**Student:** 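If you scroll down you'll find the structure; I have some questions about it.
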Amino acid sequence: MTILVTGGNGFIGSAVEKKRVLQGGKMRVPVRRSSQVDLFLTLDIVNGDILDQESLSPALSGCDTVFHCAAWSE
């Protein structure tokens, strides 16, 4: 099972990832090109932004579940 977690580099998203990885889930995280990704050592990182619908299509490919933990903020 492949799980996509939006907002994976945030507080809630990272907690979801840790829990699912410990349970054996395969995680995929869409991140903007400007985001820090060195914390995601065991995850499948893809370029994506929740504000850019086209960028999420490749991220969603092959995923069985989505945990939407992202929020837009200024």
Side-chain angles (χ1 to χ4, degrees):
M1 176 184 290
T2 301
I3 301 166
L4 181 81
V5 180
T6 64
N9 54 345
F11 182 74
I12 295 172
S14 63
V16 169
E17 290 162 9
K18 288 177 190 174
K19 180 74 170 179
R20 296 301 300 173
V21 167
L22 290 174
Q23 294 175 348
K26 181 179 177 188
M27 307 297 296
R28 181 176 299 159
V29 181
V31 296
R32 292 178 296 229
R33 294 186 190 277
S34 61
S35 295
Q36 181 180 359
V37 296
D38 59 335
L39 302 175
F40 303 114
L41 298 176
T42 61
L43 306 176
D44 181 13
I45 306 297
V46 294
N47 288 318
D49 186 331
I50 63 167
L51 298 178
D52 179 5
Q53 185 176 359
E54 288 182 23
S55 74
L56 294 179
S57 292
L60 288 165
S61 179
C63 289
D64 305 297
T65 304
V66 175
F67 285 98
H68 179 54
C69 303
W72 179 74
S73 64
E74 288 185 25

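Treat the numbers as computed from the prediction; the structure is a model and nothing was measured.
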**Student:** What are the two closest heavy atoms between Ala70 and Gly7, and how far apart are they?
**Tutor:** CB-N, 3.5 Å

**Student:** Indicate the atoms forming the closest heavy-atom contact of Val5 with Cys69, along with that distance.
**Tutor:** CG1-SG, 4.3 Å

**Student:** Do any side-chain atoms of residues 56-67 form donor-acceptor pairs under 3.5 angstrom with protein atoms, and if so which ones, sequence neighbours left out?
**Tutor:**
from  : atom 1 : to   : atom 2 : distance (Å)
Asp64 : OD2    : Thr2 : N      : 2.9

**Student:** Let me confirm one number: the NE2-CD1 distance from His68 to Ile12, rounded to the nearest 0.5 Å.
**Tutor:** 11.0 Å

